[in-house]
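One structure is given below, encoded as structure tokens.
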Amino acid sequence: MLDIHQVTRRFGTLTALDQLSFRVEEGQVFGFVGSNGAGKTTTMRIVMGLDTPDAGEVRFDGRPIDSEVRVTFGYMPEERGLYPKTPVLRQLVYLGRLHRLDKATARSRATELLERFGLADRADEPLENLSLGNQQRAQLAAALVHRPRLLILDEPFSGLDPVGVDALSEVLIERAAAGVPVVFSSHQLELVERLCDAVAIIDAGKLVAAGEVEQLRSTNGRRLLRVEVEGPDPTRWAERVPGTRVQARDATGVELLLDAGTDDQAVMAAAQAAGAVRHFAAVRPTLAELYREAVTTHQAGMTGGAA
Amino acid sequence: MSGTWLVTSREFTERLRSRAFLISNGVILAVIVLAVTMPLLFDGDGVVRVGVVGEGAAEVGSFALAQQDAFDVEVELVDLADRDAAVAALEDGGVEVALLDTTTALADGGIGGRLESLLANAANAIGVDRALTEAGLDPQERASLFAVEPLTVETLDERDGVDLFDPSVLIVYAAVFVLYGLLAVYGQWVAQGIVEEKQSRVVEVLLSSLKPTELLTGKILGLGGLGLAQILLLAGVAAGGLLATEVVEVPAAAWTALGLVIPWYVVGFLLYATLFATAGSVVSRVEDMQSAVLPVIMVLVLALFGAQFALNDPTGTVATVAGLVPFTAPIVQPILFALGVATWWQIVLALALAIAAIAVMIPVAARIYRGGVLRTRGRVAFREAWGG
């Protein structure tokens with residue numbers, strides 16, 4: 001279990017992280033979401049000991065992280081990091097051994113991973129001869145070779161083709177199933193939504209929302225209905241329902257946002273009065289919508305506070 | 001295996017595996033082997049063959065043969081029938097010089113200083129001997145007249161008879177030049193390795209399993225060890241070649257001086273590696289590395305100038321100081337030793353100062369490295385890196 005506790009990091013006058021706290025449970029695939037410069041990379045670097053917080057601390061399984069614990073972590077930095085001119089297999093073995101594997105184990109694990117990522121025939125080629133996508137696969141193999149107890153991946157999906165995305169997703173889910181907390185950052189919110197058990201949304205160094213996606217949805221409080229009516233008036237009826245606003249409309253139906261206290265059964269009755277109801281369902285907010293809303297609210301709060 | 005040791009062995013083997021390294025070493029070895037055996041191919045065993053035509057010439061030749069040790073030349077006499085035979089022998093390299101009579105020598109171009117002195121002296125002696133015989137002196141009286149030491153030249157300045165063309169000085173100068181090259185090349189590899197790891201960001205992956213000091217120590221030990229292996233190999237081949245071929249006679253002092261180059265390499269490398277590491281820590285791209293290491297290279301070049309200075313004026317203040325200052329001593333001190341002007345206390349003091357400087361520089365370099373290695377954007381100010 002990874003515990004980020006009240007972590008603050010300042011660069012000069014800029015507060016990159018402001019008392020950031022969240023927790024990643026064992027076996028969770030955890031998405032770390034935020035705009036560029038929000039502080040995702042800084043947080044991950046602090047977990048990996050590459051940066052030091054000005055305040056707060058990071059714990060793993062309840063204990064502060066020292067070098068003995070950190071050596072069991074797997075890390076994929078945002079800008080990647082392997083030797084361009086060294087053959088792929090050789091550097092995976094080297095990294096495995098630096099992570100305390102003996103030579104034979106490091107070699108067999110590295111070979112195994114390269115086979116799995118379809119790079120077995122490129123094992124003895126210098127990294128720079130591989131395509132960018134394959135370099136990224138090699139990078140992932142480097143993060144996995146010592147079977148880490150925690151995975152920290154900074155933008156692991158960027159630059160991958162759909163096949164690569166699927167392969168990587170599969171690995172992350174598999175690692176999580178083995179009990180490893182998997183933390184990754186991404187701008188691809190649909191992917192995060194599909195993969196993650198839980199997310200943290202940060203904006204300007206502050207935590208905006210954190211928790212399981214389902215839980216974020218339920219605390220979101222938004223009630224949005226999509227209604228499709230077949231009849232002479234497929235959409236205009238909706239404008240006359242009290243306590244609702246039309247969020248969107250298209251040829252076949254409308255999306256209605258319900259005010260607090262509005263009874264959805266009243267909407268149902270109004271729809272039935274307009275024609276035959278073909279579709280009537282709550283629209284669950286996507287992660288992207290939750291994210292936008294949370295960030296907008298947060299930024300409004302900040303400017304409001306400043307004014 | 002500990003992290004430091006893994007880094008050490010990686011640095012050692014990665015460089016060893018590189019084609020450029022193997023090729024350059026092959027070339028250097030070939031040059032050494034050639035330099036050692038070349039004279040052998042040209043004049044066999046180092047003996048100068050002198051042709052003699054007729055009785056008078058043979059007399060001069062015999063006298064020269066008797067005097068050769070005093071002139072430090074080894075000659076062998078070859079009897080030739082006449083002038084034509086002498087010309088033919090000179091042309092096909094059978095002899096290097098031919099004495100035609102007691103006053104004439106024939107050569108295919110100029111002949112060397114010592115050989116010419118020897119032959120001139122012999123010819124002169126025979127001429128005088130004949131004159132004395134005609135004057136009526138008996139053989140014993142004549143012999144006593146010729147038992148004279150040849151002229152030794154003493155110089156006025158303080159060099160105590162230092163001969164710049166003395167093979168032992170030349171050998172040590174060559175060794176010091178190689179030492180300079182190794183310090184420059186391996187030192188730059190330290191800086192380059194640091195910058196490459198920063199540029200490729202692999203350092204971020206490495207530092208999740210290693211402390212910065214372990215990474216730096218491993219790098220310096222691995223490259224330094226490879227340099228040591230290289231200098232031992234080169235010195236071994238050169239020394240073996242010199243011993244086997246006996247092209248030049250190497251005095252015992254020169255062997256000691258050559259032996260001293262090895263500890264000076266170790267000390268010099270550790271010292272310069274810390275400087276190069278410091279320079280490499282503050283830049284993030286290989287393109288920027290050259291300008292960062294330039295000041296360090298300048299210091300090394302200065303040390304080489306110091307060695308030149310020491311050759312010209314071994315007991316001057318500049319040479320003495322350069323032989324003691326830690327950053328110039330590794331290059332200058334072996335020269336002073338080979339010239340025979342270094343006292344033991346100077347050598348011990350120079351080594352002690354250098355080791356003290358290493359003790360100071362290692363924590364400095366480690367701190368700059370720690371502060372700079374993770375700042376992978378642009379150039380880091382030394383003060384910023386120092387602050388950590």
Side-chain angles (χ1 to χ4, degrees), chain A residues 11-12 41-42 44-52 65-87 90-103 106 126-128 135 138-146 148 150-154, chain B residues 1-21 189 192-219 222 284-286 369-378 380-381 383-384 387-388:
Chain A
F11 296 110
T41 296
T42 305
M44 293 180 158
R45 284 169 63 91
I46 286 173
V47 173
M48 292 312 298
L50 300 172
D51 201 349
T52 328
I65 299 171
D66 58 19
S67 58
E68 282 310 301
V69 176
R70 197 172 285 120
V71 84
T72 66
F73 294 177
Y75 176 52
M76 181 167 176
E78 184 183 16
E79 298 188 63
R80 313 304 172 229
L82 287 175
Y83 293 101
K85 295 186 193 307
T86 308
R90 203 196 294 162
Q91 52 187 321
L92 292 186
V93 172
Y94 176 59
L95 290 172
R97 295 181 75 194
L98 282 180
H99 285 95
R100 312 282 194 271
L101 297 184
D102 63 69
K103 197 172 183 176
L127 182 83
E128 62 186 1
Q135 290 191 20
Q139 191 77 49
L140 182 68
L144 291 171
V145 67
H146 54 289
L150 170 71
L151 265 176
I152 302 281
L153 311 170
D154 203 347
Chain B
M1 230 197 288
S2 84
T4 306
W5 184 245
L6 277 168
V7 178
T8 303
S9 78
R10 176 185 184 276
E11 294 291 339
F12 189 94
T13 50
E14 284 293 315
R15 282 290 175 188
L16 189 61
R17 274 188 236 244
S18 82
R19 199 168 301 160
F21 179 82
W189 280 352
Q192 193 187 339
I194 290 171
V195 178
E196 278 174 358
E197 284 177 355
K198 280 179 80 171
Q199 187 169 21
S200 69
R201 303 295 196 273
V202 71
V203 70
E204 303 202 340
V205 176
L206 298 177
L207 288 184
S208 64
S209 56
L210 282 170
K211 292 188 188 74
T213 41
E214 290 178 314
L215 186 53
L216 181 61
T217 309
K219 197 173 280 301
S284 308
R285 297 183 312 158
V286 175
Y369 180 71
R370 263 201 311 275
V373 72
L374 284 170
R375 290 171 210 251
T376 48
R377 277 168 229 284
V380 186
R383 199 188 307 161
E384 202 184 330

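All of these numbers come straight from a predicted model, not from anything done at the bench. Chain naming here is simple, since letters A, B, ... match the order of the sequence lines and numbering starts at 1 in each.
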Picking from B:Leu207, B:Val373, B:Val205, which has the most non-hydrogen pairs under 4.5 angstrom with chain A? B:Val205
Between B:Lys211, B:Glu196, B:Glu14, B:Gln199, which has the largest tally of heavy atom pairs under 4.5 Å with chain A? B:Glu14
Heavy-atom distances under 4.5 Å only: say whether [X] touches chain A with side chain, backbone, both or neither.
X	result
B:Val7	both
B:Glu197	side chain
B:Leu210	side chain

Any ion pair linking B:Glu204 and A:Arg45 (charged N to carboxylate O, less than 4.0 Å)? yes
Let me see the working for A:Gln91 and A:Thr86 under side-chain hydrogen bond (donor to acceptor under 3.5 Å, both in side chains), right down to the final yes or no. CA-CA 6 Å; A:Gln91 52 187 321; A:Thr86 308; 4.8 Å; no
Measure [X] against the heavy atoms of chain B and call it side chain, backbone, both or neither at under 4.5 Å.
X	answer
A:Arg70	both
A:Leu95	side chain
A:Phe73	neither

Closest heavy-atom pair and its distance - A:Arg97, A:Ala106: CG-CB, 3.9 Å
Point-to-point distance, once rounded to the nearest 0.5 Å, from CE of A:Met44 to CG of A:Leu50: 12.0 Å
Output the distance between atom CZ (A:Arg100) and atom CG (B:Leu6), rounded to the nearest 0.5 Å. 9.0 Å
With a 4.5 Å cut-off on side-chain heavy atoms, are A:Gln135 and A:Leu82 touching? no
